[in-house]
Amino acid sequence: MSPRTLRQQEGRAGLALISPTLVITLVVVVLPLLWAIMLAFQDVRLINIRRAGLFGRYTLENFVYVVSEPGFWTSLVNTLVYTVAGSALSIAIGLVAALALRDRFRGRTLVRASILIPYVAPVVAVAFLWETMLNPQYGIVNTWLREPIAFLTQARGEFLGVQVPVALLTVIAFEAWRYFPFAFLFILARLQALPAELDEAAVVDGATPTQRFRYVILPQLWRIIALLSVLRFVFTFTKFDDVYLLTGGGAGTEVVSVRVYNFLTARDDIGASAAQAIVLAVFLVVFLTFYLRFFGGGGDERGGNEQG
Amino acid sequence: MSGGEMSRDRFERGLLRVLKPLVILVLFVMTAFPFLYMVMLSVRDIQELILEPGSLWPRAFTLDTYVDVLTRQGFLTFLRNSAIVAVASVACTLLISIPGAYAVARLRFFGRRQVHFLFLAVYLFPAIVLAIPLFVLFTMLGLRGSLLGLIAVYIAQTVPVTVYMLRNYFETVPRSVEEAAAIDGCTRLSTIWRVVLPLSKPALMATGLYAFMIAWNEFLFALLFLVDKRESWTVSLGLSQLAGSIEVPTTVLMAGSVVLTLPIVIVFFASERLLTEGLTAGAEKG
């Protein structure tokens, strides 16, 4: 055997060092994912799982069953509304917060710290906190209102004469409140990395604050906003915790991930549960492709020179 | 000619001068108030809350809520479980991601470029899809109710991100320092141990804290794997399960919320700068 070259040694060492990472992702993420896809094409319940092996009977029944249930399409629409509104609101508030906290002022550290808490705190704690604050009997928010509103258990309500989905809006508000710090952090980091000269030049040229924002600052933020939109969309679209903890999927807030969970545990229908999860993932990929096709290119052009 | 422009400028500046403090105030109240409310509810009796739901300041302070939640409701056990899960996750995550990040940062090996794609995929991958096969697998293996399986899932979910965070930092360690160590007779592993790690302390801290926060806050997998076995509940799971029952008073549960939230807030603010820089730097490029 010829002695190994340095390059070969390096290659071997590299593989050896990365292998624990690869093994754990393979065992806990990649293989289960493949199995999930297989489960979606089999008629399996926890009771008969041992019989449904690798070469079990494959069928499309789960998918047919799942998409023929009207509840599925309602939950998909809910998921989309929840995701788009929640992402957009959290990014918009995050942008406003980043602009407001861009310059130094007394107490900025305190305000900044306060802003980050909703994002950092455990979701179970903040969901319980919202539930308590919004409780119709003893919640503090309802003591401020003339008539108590069952924010989390009421599907429809009237606001200024218009029918509104109360619980869904509340869940969206929660989403915006909890995740705007995420957008805030990213946008603030970008804002503080912007060269000051451009802004100063605009001041010298007599641009008003809104003009400077519109023509100087915002164009430099498109890239990070586009990235945030993708990230928030991906995370929110498949999010389970928030809706499950706030409403349990009731009052017109059922999203697909909660349905997946209910099929898995309450109905013990693993196949249908997996089929819905796969359909959800496919829709996610479709929406993302759609988004990148229409906005990704534009965002790149506008922000191409500020990579990194 | 510029009179109109000037006045528009002055008007906007004036408006901003008023608006900005207002926006800051709203943001502060909207984020701080709920947590103030949480603490205030946790130190009063449930009777007081029912009688005066609108008052923020309790008439009589009590810490009985904390005693109740920690002992009678079993939060001491939940805290122990959460601590075990979080500490084990942090230790294993670091143990696995340090060599991995070093390899990606420094060594040329087959598949090095593809590794990034894998990490991004795991980072963006929906947990709910993964939940199904893992739930089935753990049921078959009889691992439901054991903390071990939960730890494995948390490690797998954090390792891709932490490898990424650490890699960014390792790349800033000058190669010449490592080469000097190699000339002094250090093997590759001892170079990592003696040279690279001591230089990367901030990044290691940030990575560890990230793993800690994920493990401490996580809910879905804890719910799926542990719900049948009360003595294995984590704090998050315990609070969510007790919140559904009517026997436990809300103020006692608020004490539980404080117990759940406080460690993470302390950990976060002790290391905030490290953590936010690590996270935003990592994702800005991704």
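Protein chains get the first letters and strands the later ones, always in sequence-line order, with residue 1 at the start of each. The model shown is predicted, which means the values in this text are computed figures rather than measured ones.
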Chemist: Without hydrogens or angle criteria, can the side chains of A/Ser114 and B/Thr31 be said to hold a donor-acceptor pair below 3.5 Å?
Modeler: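 A donor-acceptor contact under 3.5 Å links the two side chains.
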Chemist: Quick one: does A/Ile117's side chain get under 4.5 Å of B/Phe268's, heavy atoms only?
Modeler: no
Chemist: For A/Tyr244, is it the side chain, the backbone, both or neither that has a heavy atom under 4.5 Å from a heavy atom of chain B?
Modeler: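 Just the side chain, heavy atoms under 4.5 Å.
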Chemist: CD1/B/Ile132 to OG1/A/Thr265 distance, rounded to the nearest 0.5 angstrom?
Modeler: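 Rounded to the nearest 0.5 Å, the CD1-OG1 separation comes to 11.0 Å.
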Chemist: Under a 4.5 Å heavy-atom cut-off, does chain B meet the side chain of A/Thr238, its backbone, both or neither?
Modeler: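 For A/Thr238, the contact with chain B is made by backbone and side chain together.
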Chemist: Let me know if A/Leu245 has heavy atoms under 4.5 Å from chain B in its side chain, its backbone, both or neither.
Modeler: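 For A/Leu245, the side chain is the part near chain B, not the backbone.
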Chemist: When rounded to the nearest 0.5 angstrom, what distance separates CD1 in B/Ile98 from CG in A/Leu17?
Modeler: 11.5 Å
Chemist: Among A/Leu280, A/Thr210, A/Val123, single out the residue with the greatest number of heavy-atom pairs under 4.5 Å to chain B.
Modeler: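 Counting heavy-atom pairs under 4.5 Å, the top option is A/Thr210.
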Chemist: Non-hydrogen atoms of chain B under 4.5 Å away: do they reach the side chain of A/Ile37, the backbone, both or neither?
Modeler: neither
Chemist: Does a side-chain heavy-atom distance below 4.5 Å link A/Phe128 with B/Thr250?
Modeler: yes
Chemist: Looking at B/Phe221 versus A/Phe240, is the centre-to-centre ring distance below 6.0 Å?
Modeler: no
Chemist: For chain B, which of A/Pro20, A/Ala100, A/Pro209 has the most heavy-atom pairs under 4.5 Å?
Modeler: A/Pro209
Chemist: Considering non-hydrogen atoms only, spot the tightest contact between B/Pro133 and A/Leu39 and give its length.
Modeler: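 B/Pro133 and A/Leu39 have their closest heavy atoms at CA-CD1, 4.3 Å.
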Chemist: Between A/Trp144 and B/Phe33, what is the ring plane arrangement, given parallel below 30°, perpendicular above 60°, and tilted in between?
Modeler: tilted
Chemist: Quick check for you: among B/Val26, B/Leu220, B/Leu19, which has the greatest number of heavy-atom pairs under 4.5 Å with chain A?
Modeler: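 When all of B/Val26, B/Leu220, B/Leu19 are compared, B/Leu220 has the most.
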Chemist: Given heavy-atom pairs under 4.5 angstrom as the criterion, report whether the side chain, backbone, both or neither of B/Arg106 touches chain A.
Modeler: backbone
Chemist: Against chain B, label A/Arg102 side chain, backbone, both or neither, depending on which of its atoms sit under 4.5 Å from a heavy atom there.
Modeler: neither
Chemist: Determine whether B/Val23 and A/Val96 make a side-chain contact, defined as any pair of heavy atoms from C-beta on separated by less than 4.5 Å.
Modeler: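 Yes, side chains in contact.
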Chemist: Would you call B/Phe28 and A/Ile115 a side-chain contact if the rule is heavy atoms closer than 4.5 Å?
Modeler: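 They are not in side-chain contact.
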Chemist: With a 3.5 Å distance limit and no angle check, can you tell me whether A/Glu10 reaches the backbone of B/Arg108 through a side-chain donor-acceptor pair?
Modeler: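 It does hold such a pair.
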Chemist: If you count heavy-atom pairs under 4.5 Å with chain A, which of B/Glu12, B/Met38, B/Arg13 comes out on top?
Modeler: B/Glu12
Chemist: Less than 4.5 Å apart, any side-chain heavy atom of A/Leu129 and any of B/Met254?
Modeler: yes
Chemist: Please classify the contact between B/Phe35 and chain A as side chain, backbone, both or neither, with a heavy-atom cut-off of under 4.5 Å.
Modeler: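 It is both, since atoms from each part get that close.
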Chemist: For A/Phe105, which atoms come within 4.5 Å of any heavy atom of chain B: side chain, backbone, both, or neither?
Modeler: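 Interface part for A/Phe105: side chain.
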Chemist: Atom CD1 in B/Ile128, atom CZ in A/Phe237: separation rounded to 0.5 Å?
Modeler: 13.0 Å
Chemist: Where does A/Ala127 contact chain B at under 4.5 Å (heavy atoms): side chain, backbone, both or neither?
Modeler: neither
Chemist: Do you know the tightest heavy-atom contact between A/Pro32 and B/Leu134?
Modeler: CG-CD2, 3.9 Å
Chemist: Quick check for you: among A/Arg12, A/Arg7, A/Gln137, A/Glu131, which has the greatest number of heavy-atom pairs under 4.5 Å with chain B?
Modeler: A/Arg7
Chemist: Is B/Leu223 close to chain A through its backbone or its side chain, or both, or neither, when contacts mean heavy atoms under 4.5 Å?
Modeler: side chain
Chemist: Is A/Leu22 close to chain B through its backbone or its side chain, or both, or neither, when contacts mean heavy atoms under 4.5 Å?
Modeler: side chain
Chemist: State, yes or no, whether a side-chain contact exists between A/Phe180 and B/Leu27 at a heavy-atom distance under 4.5 Å.
Modeler: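 A side-chain contact under 4.5 Å exists here.
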Chemist: Among A/Val234, A/Leu34, A/Val120, A/Asn142, which residue has the highest count of heavy-atom pairs closer than 4.5 Å to chain B?
Modeler: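 Result: the option with the highest number of such pairs is A/Val120.
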Chemist: Name the member of A/Thr143, A/Ile18, A/Ile140 that forms the most heavy-atom pairs with chain B at distances under 4.5 Å.
Modeler: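 That would be A/Ile140.
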Chemist: Measure distances from A/Trp177 to the heavy atoms of chain B and classify the residue's part below 4.5 Å as side chain, backbone, both or neither.
Modeler: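 Only the side chain of A/Trp177 comes within 4.5 Å of chain B.
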Chemist: State, with a plain yes or no, whether a side-chain heavy atom of B/Val136 is found less than 4.5 Å away from one of A/Trp35.
Modeler: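 Yes, side chains in contact.
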Chemist: Using a cut-off of under 4.5 Å on heavy-atom pairs, state which of A/Ser19, A/Ala281, A/Ala113, A/Ala274 scores highest against chain B.
Modeler: A/Ala113
Chemist: Determine the option with the most heavy-atom pairs under 4.5 angstrom with chain A, choosing from B/Leu15, B/Leu137, B/Leu51, B/Val163.
Modeler: B/Leu137
Chemist: Pick one of side chain, backbone, both or neither for B/Leu124, based on which atoms fall under 4.5 Å of a heavy atom in chain A.
Modeler: both
Chemist: Which region of A/Val260, side chain (C-beta onward) or backbone (N, CA, C, O), has a non-hydrogen atom less than 4.5 Å from a non-hydrogen atom of chain B, or is it both or neither?
Modeler: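 Contact with chain B: side chain only.
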Chemist: Using non-hydrogen atoms and a 4.5 Å limit, figure out which bit of A/Val203 sits close to chain B: side chain, backbone, both or neither.
Modeler: side chain
Chemist: Just how far is it from atom CG of A/Leu31 to atom CG of B/Leu130, taken to the nearest 0.5 Å?
Modeler: 10.5 Å
